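See below for the structure under consideration.
By convention in this document, chain letters (A, B, ...) are assigned in the order of the sequence lines, proteins followed by strands, and residues within each chain are numbered from 1. Bear in mind that the values here come from a model prediction, so they are computed numbers and not experimental data.
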There are 2 protein chains.
Amino acid sequence: MSRARTPEAGSRGEPRGRTDKRQAILEAAFRTFARDGYGQSCVREIAEAAEVAKPTIYNRLGDKETLFREAMKAAVEHTADRSLSALEPLRTPGDDIRPVLEEAGLRLLRSHACQESQALRRLLSAEAPRFPDLLEEIQRVGAQRIQDALADRLARLVLAKRLEATDVERASEQFLALLTGPMELRSALGTRAVPDEELHSVAEAAVDTFLRAYAPRDPG
Amino acid sequence: MSRARTPEAGSRGEPRGRTDKRQAILEAAFRTFARDGYGQSCVREIAEAAEVAKPTIYNRLGDKETLFREAMKAAVEHTADRSLSALEPLRTPGDDIRPVLEEAGLRLLRSHACQESQALRRLLSAEAPRFPDLLEEIQRVGAQRIQDALADRLARLVLAKRLEATDVERASEQFLALLTGPMELRSALGTRAVPDEELHSVAEAAVDTFLRAYAPRDPG
DNA sequence: AGTACGTTGAACCAACCGGTTCATTTACTT
DNA sequence: AAGTAAATGAACCGGTTGGTTCAACGTACT
């Protein structure tokens with residue numbers, strides 16, 4: 001039961017069975033960094049958590065700094081994909097757009113409030129001054145992409161006269177702000193797990209305010 | 001020109017000239033922690049930045065950890081006071097409440113976007129898992145107090161029929177979310193200075209949406 | 001003048017960390 | 001079965017860190 005975690009990775013195309021170890025290292029590194037912070041983490045502990053020898057880490061990733069970078073990049077792909085898929089309901093709005101907005105909002109919030117996502121933001125925020133390029137890249141494939149995708153969805157709704165927004169970028173930004181803004185305090189900067197009912201009520205309140213501001217005024 | 005930085009501190013009442021040194025240490029510590037992070041900062045550098053000998057730090061603050069705690073607590077008092085004073089305009093609303101909301105919003109945003117405040121949030125977010133009690137205290141005297149004070153102001157406006165809100169806590173939370181939420185991306189997690197015009201436009205957009213959602217519907 | 005206290009610099013300590021080397025073992029390829 | 005490449009553990013290295021000790025110094029009170 002020591003290793004052999006391979007789920008069903010084809011392991012073909014890659015030079016050897018190395019991708020398996022690499023992934024294990026990156027996951028353990030992210031967990032360790034998230035728990036102790038970059039400066040307080042030591043490679044030995046990461047190696048232990050990954051059930052891997054220390055030289056293996058340096059062979060595959062060469063450096064504590066690149067180890068950190070790769071672990072962060074791997075983490076953002078997980079979370080961003082999940083957030084993007086949360087926007088799917090907006091593709092098929094019903095008679096009333098409120099339900100799909102609430103559904104999308106709730107799923108965005110769940111993705112935003114999950115442990116991995118919170119740890120990613122905490123770590124990124126912490127090391128941002130020392131890794132400006134990493135910050136730029138992660139913001140681009142993370143938050144920025146979500147905001148742009150949401151703006152696309154909102155633009156469709158505006159064209160269909162289901163929303164009234166002169167600036168969909170602004171609307172997208174504010175919708176996300178209404179969702180994630182309140183989470184900062186409620187989740188204690190990402191250190192407390194927020195129950196799902198609370199996410200639900202935050203999403204509901206966000207959609208409510210959003211619709212009051214952006215729903216078409218019927219008698220116009 | 002080596003030391004003698006005392007601006008005009010009376011240095012009377014305190015046991016010795018110690019408060020002066022203590023403050024210098026705390027400020028230098030905060031600057032160093034903000035620049036390098038907690039784990040990467042070393043006490044020697046802090047001592048140099050404070051123009052103080054290393055044993056002096058250990059004499060006065062005993063520990064790197066308590067040094068960090070005290071520096072953080074000192075920083076939050078600065079920033080929280082400034083944010084609280086930003087709410088003053090709401091005490092004297094004119095015929096239209098929009099101008100005072102925009103004024104308060106802009107001042108909140110300026111306080112939120114200043115370097116010290118951003119560094120404080122970054123550091124707090126970074127070390128939150130390791131200092132849960134510190135996080136709790138700072139949130140209480142910082143963000144939570146602002147949100148409560150704003151809720152008080154909004155409650156007055158509701159009573160005066162200038163706003164329509166069934167839940168002023170929620171309204172306060174969302175007003176702050178509309179202000180600070182968009183800043184996360186725009187300020188690159190607090191590492192980029194945001195020009196004042198941009199703060200102005202964010203505040204304007206926030207107030208606009210807020211009023212659309214919470215202004216009394218005249219023909220009701 | 002004397003004393004008590006805080007500051008200072010320097011040296012010191014034990015522990016730890018990032019990173020490397022190397023001989024040995026494991027496992028896959030042909 | 002032979003060969004190759006990766007993984008392993010252990011030891012090792014130079015550098016840094018948090019924290020302490022100590023003798024010398026300055027300064028404020030009495």
Task: Nucleic acid contacts - residues 68-75 of chain B versus DNA chain C, non-hydrogen atoms under 4.0 Å - done: none
Task: Check: B/F131 ring centroid to B/F68 ring centroid under 6.0 Å - done: yes
- [ ] Could you tell me which residues satisfy side chain to side chain contact (heavy atoms under 4.5 Å, CB included) with B/A53, sequence neighbours excluded, listed by chain and number?
- [x] B/P55, B/T56
Enumerate the protein-to-nucleotides 15-23 of chain C contacts in which both atoms are nitrogen or oxygen and the separation is below 3.5 Å.
unit_1, atom_1, unit_2, atom_2, d
C/dG18, OP1, A/S41, O, 3.0
C/dG18, OP1, A/K64, NZ, 2.7
C/dG18, OP2, A/V43, N, 3.0
C/dG19, OP1, A/D63, OD1, 2.5
C/dG19, OP2, A/Y58, OH, 3.3
C/dG19, OP2, A/D63, OD1, 3.3
C/dG19, OP2, A/K64, N, 3.0
C/dG19, N7, A/K54, NZ, 2.9
C/dG19, O6, A/K54, NZ, 2.6

Open item on the list: From NZ of A/K21 over to C1' of D/dA5, roughly how many Å is that when rounded to an integer?
Closed with: 12 Å
TODO: Determine, for B/E70 against B/R22, whether the closest basic-nitrogen to carboxylate-oxygen distance falls under 4.0 angstrom.
DONE: yes
TODO: Give a yes or no on whether a salt bridge exists between A/R107 and A/E88, defined as a side-chain N under 4.0 angstrom from a carboxylate O.
DONE: no
TODO: For A/L61 and D/dA6, give me the distance from atom CG to atom P, rounded to whole Å.
DONE: 14 Å
Task: Donor-acceptor under 3.5 Å (B/D167 side chain, B/R170 main chain) - done: yes
TODO: Take A/E173 and A/E169 through the test side chain to side chain contact (heavy atoms under 4.5 Å, CB included) and record every step on the way to the result.
DONE: CA-CA 6 Å; A/E173 190 180 31; A/E169 298 292 342; over 6 Å; no
- [ ] Please say whether the positively charged group of A/K64, taken as NZ for Lys or CZ for Arg, lies over the ring of A/Y38, i.e. under 6.0 angstrom from the six-membered ring centre and within 45 degrees of the axis.
- [x] yes
- [ ] Starting at atom CD1 of A/I57, determine the distance to atom P of D/dA7, rounded to an integer number of angstrom.
- [x] 11 Å
Task: Polar contact flag, side-chain donor to acceptor under 3.5 angstrom, B/S117-B/T79 - done: no
